[in-house]
Amino acid sequence: MNSEVSGYVWKEEEEEGEEEESMNPTEVKMSQIVMPCHSNHRQELSVGQLLKWIDSTACLSAERHAGSPCITASMDDINFEHTISVGMVVNIKAKVNRAFNTSMEVGIQVSCEDLFYDRHWRVCHAYATFVTQRTSNGQKVPLKPIIPRTQREQIEYSVAAERRRVRMVHDEIIKDLLFHRNAVAAVKTKVESVELVLPPHANHQENTFGGQIMAWMVNVATIAASRLCQDHPILRTIDMFTFRGPSQIGDRVLLRAIVNNAFKNSMEVGVRAEAYQGEGPNRHINSAFMTFEVLDDHGKPCTLPHIRPEPLEGERRFQEAIARKKIRLDRKYIISRTQGEVPLSVPWEPRNQVYLSYNNVSALKMLAAQNNWCLNSEKDQVRLYTLERKSVLSFRVESEVNIPAHRAFCLLAELRNRPSWDTHYQKCELIHWVDEDDFLYRVVTPSVHPGAAVLQDFILLASKRKPCSSGDPYVIALRSVSLPTHPPTDAYNRGEVLCAGFTILESKNDMSLISYYNKASPEVFPYISTDIAGLSSSFYHTFCSCSQYLTKNRLHGLVFTQYFISPTQEFF
């Protein structure tokens, strides 16, 4: 899971200024000055030392929420944006974003401070998953829920469910992306090292600090990378650290590292950590994959030598490294970028489906979590809100409807009946049923330009989500994608959707608060401007049609076989 996934939020908040913050009870801050003993050969803070500080801060935050000792379960991908020199101050802030049944996500922000020039800059942003230690009889400890207090916390809380979903399917994605190809040279990069767990390496529960294990893993990975490039490699990214079990004082920790694959300017090193005591069996406690580069005198990445994998297991690691590189690219250019940084219609393919789906749902959740919506008009309790940010106009239409939320979710997800209540819908065809949560559609709509003979069409990815916990809404989200099987044609103007969809929240007495969101592109603005200016009330009539459709089929009728989608230009 990429730690840059919320970079969109960070950037917008930095540009708009810090919102008023109420102290989060789970927030923990740590400041450390970088001493020579913390540095590497370049007089920069060792990544291993930074990981120890990150883990300690995050663990304290988790334990503050849980009220009991906690263990690091996993650490998502970390992308280091800047190095930190000796004499500078590292500021780390951690707080629990969301607690699930027995696990919790902790968000960590790391920044650097130059005391002499009063400069600050961000180093990295990470997400870690913690679980509480089991009780004496082996039972898991349930966690109390987190209550978001600010807009930023609400966004992180909402998107945490999506990040958790991506973590859970990570291994399956690796398997799906494997493919065979001839490979070309690696045994000399192999590193084995044994560390004895001493009291300074452990917490008050006598379990080894997760950060200490990560630091040891970085150390052997760096040695393995050095043996391939015969230079000083720079650690660029770390894939998920997954802690499979604890180790205690007195354990020997066996660390193995090897270069799995070398690409043109980067190499992936796989690291495995095992713990044992005496003659006992080895226990697999952690695995990670790290990407290194080597820079020349001008700071440019050097070309690396090819590598020949070992037979059998080496071949498997070689192919999996290719798959992970593909995943990292998907994360970097799909999940972590804002709409203005990449083309809207990202090419869809099975290998990037998980990340496009994540981006789709997360974008809608972030839009819904904004707290500066302005009420534009209201008619019979149907409300139209607008939001202007960075020359992009978004609108929201909402009202309560007499229908249970789960039923409204099923009905609105039945896209084939959309033309029966939405005059802006002319045709919709299901292109591909991806899975139970995601679908690809082609939608045909009238042109937004009055009198134009050419219709518009859209290729849309529709993603649906049921509530993760009590108080969460049902979500139906969509965004534009491109498909080689459905290229633009002269017969239609190809439109694009930035972000649109429904949230459906259970209300009292089997009522539902239904909200529709749409981030309008410039081509759509003329279509909705008359309603926003108060010259018409198309939004009201469309919502009334939708409401009648829902109440008519409240108790019986349509079977849920498809999924809701909506083009950018439609009103609701």
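Computation of the quantities below employed the complete heavy-atom set of this structure, encompassing side-chain atoms and omitting hydrogens, waters and symmetry-equivalent molecules. Quick caveat: nothing in here was measured; it's all calculated off a predicted structure.
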Backbone N or O of N286 within a donor-acceptor pair of the H284 side chain at under 3.5 Å?
yes
Quick check: do S247 and R283 have side-chain heavy atoms less than 4.5 Å from each other?
yes
I'd like to know if R122 and E81 make a salt bridge, using a cut-off of under 4.0 Å between side-chain N and carboxylate O.
yes
Presence of salt bridge, R152 and E156, under 4.0 angstrom:
no
For a salt bridge (Lys or Arg N to Asp or Glu O under 4.0 Å) check, start with the C-alpha distance between R165 and D437, then their side-chain angles and the critical distance, and finish with the verdict.
CA-CA 12 Å; R165 187 174 184 269; D437 293 331; 3.0 Å; yes
Is a salt bridge present between R164 and D76, judged by a nitrogen-to-oxygen distance below 4.0 Å?
no
Do T291 and T237 get their side chains close enough for a donor-acceptor pair, meaning under 3.5 Å?
yes
Sidechain N-carboxylate O distance under 4.0 Å for K190, E310
yes
With the threshold set at 4.0 Å, does a side-chain nitrogen-carboxylate oxygen contact exist between K365 and D472?
no
Considering only distance and modelled atom types, tabulate donor-acceptor pairs under 3.5 Å from the side chains of residues 209-220, sequence neighbours left out.
{"from": "Q212", "atom 1": "OE1", "to": "K52", "atom 2": "NZ", "distance (Å)": "3.4"}

Salt-bridged, E313 to R316, with N to O below 4.0 Å?
yes
Taking side chain as C-beta onward, heavy atoms only, is Y516 less than 4.5 Å from E398?
no
Salt bridge K466-E436, side-chain N to carboxylate O under 4.0 Å
no
Basic-acidic side-chain contact under 4.0 Å: R256, E192:
yes
Checking side-chain polar atoms at under 3.5 Å, does R163 have a donor or acceptor matched by the opposite partner on T129?
no
Hey, are the side chains of F130 and S61 touching, using non-hydrogen atoms and a 4.5 Å cut-off?
no
So, S31 versus N91: side-chain donor-acceptor pair below 3.5 Å or not?
yes
Electrostatic pair E27:K29 at N-O distance under 4.0 angstrom
yes
Salt bridge flag under 4.0 Å for residues R272 and E274:
yes
Assess the side chains of E162 and S362: does a donor N or O sit below 3.5 Å from an acceptor N or O?
no
Quick one: do the E268 and N261 side chains pair a donor with an acceptor below 3.5 Å?
no
